[in-house]
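Structure record follows, encoded as structure tokens.
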Amino acid sequence: MTIDVGVIGVGMIGQDHIRRLTHVLSGVRVAAVTDVDLDRARTVAADLPDSPTVHDSGEDLIADPRVDAVVVTSWGPTHEGYVLAAIAAGKQVFCEKPLATTEEACSRIVDAEVATGRRLVSVGFMRRYDDQYRAMKAVVTGGEIGSALVMHAAHRNPSVPDFFTSDMIINDSTVHDIDVARWMFDDEIAAVTVLKPRVSSKARDGFHDPLLVLLEMASGVIVDVEASVNAGFGYDIRGEVVCEDGTVELSEAAGAIVKGAGRFGGRVPTDWRERFVRAFDAELQAWIDAVAAGGTTGPSAWDGYAATVACETGLRALASGVREPVTMRERPDLYKES
Ligand code: NAP
């Protein structure tokens, strides 16, 4: 069985997902594309083997009866409308993070999905599919080194474009660590504090980089995330969970380690595409397989809602300089198992 997918938004990650849907993954075909820039959509479609339909709008693409399922990779503020339209059409939708940019918008999606009585929405938190994070979670949940106490994490980007802001360090970078924390400990975030270390000389005026984001889980575990976006040397993702009887940490992603002249070392990934390429592949293949079986899989609309609420709390903490509690609605029964 081949799933015909429609892709809304053919920018950077949209094109990367189209590449994997077309050339890497199985059981799927890109049947339709659209973008606010229709010329870009036509250019992307022209390079694809199955001559996808170029729709004038995301709404038209979702309504196309040949489109079995929808991938949303447009700009974040447009996600809510497309996800709601896909739910209304009864189609499975994979939405890149964020699910939506405000708690209220995420809540509307949760309400709409709950009203259908089944899960249709999956959110693109691909770290859950990374081999290293999965191995770390297996150790943490297996209990072999005791209960978790603390997690140290770092999210270092080599550089960011000029439009990047301190708020985006939380909304666009730390959001992945927020999802990892919830998933790693099967727990919600109870409070967020943001500390502002000495500012990097590479940060623009008025831009606070790095940030130290402290996530207090409901269980009492504390996750500290050093988020730096002008690290220069590469894309460096780190994680270590400290448990009562030991620690577990992500290994270097570098492939081969070279030793010579009294030193050892390896390659630092250049960006998130390189570091998480296999996780993105696994994430979308799992989603396609689930869609083919008539369902969905992966992070849910509830996970998207919880991440956005934690980000909004983080922005409040960044502005206030103090610990900010996280307040969420009650988790609907539909998501009790996710
Ligand atoms: P991007 O390069 O700006 O691509 C977004 C595309 O959507 C652009 O072609 C944009 O056109 C188009 N678009 C804007 N408004 C639209 C609308 N109303 N309908 C249809 N298309 C529209 O951004 P990106 O980096 O690919 O990011 C896209 C999404 O993926 C964001 O939500 C981002 O957070 C997420 N993302 C996730 C990861 C991850 O690690 N999981 C990594 C990167 C990005 P214009 O350029 O003309 O506005």
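One-based numbering along the sequence shown. Whatever order the structure lists them in is the order used to number ligands and atoms, beginning at 1.
Taking a 6.0 Å sphere around CZ of R278, one finds it holds 12 or fewer heavy atoms contributed by other residues, nucleotides or ligands.
The only option from L84, D303, V72, V93 that meets the side-chain contact (heavy atoms from CB on, under 4.5 Å) definition with V121 turns out to be V93.
Side-chain atoms of T101 never come within 3.5 Å of backbone atoms of P77 as a donor-acceptor pair (strictly under, hydrogens ignored). A distance-only check finds no donor-acceptor pair linking the side chain of D35 to the backbone of A41 [under 3.5 Å].
Under a 4.0 Å N-O distance rule, the pair K202/D209 does not qualify as a salt bridge. Salt-bridge annotation for R156 and E226: present, with a side-chain N of the basic residue lying under 4.0 Å from a carboxylate O of the acidic one.
Residue-level contacts of ligand 1 at the 4.0 Å heavy-atom threshold are I8, G9, V10, G11, M12, I13, D35, V36, R40, T73, S74, W75, G76, T78, H79, Y82, E96, K97, P98, G124, M126, H176, W272, F280.
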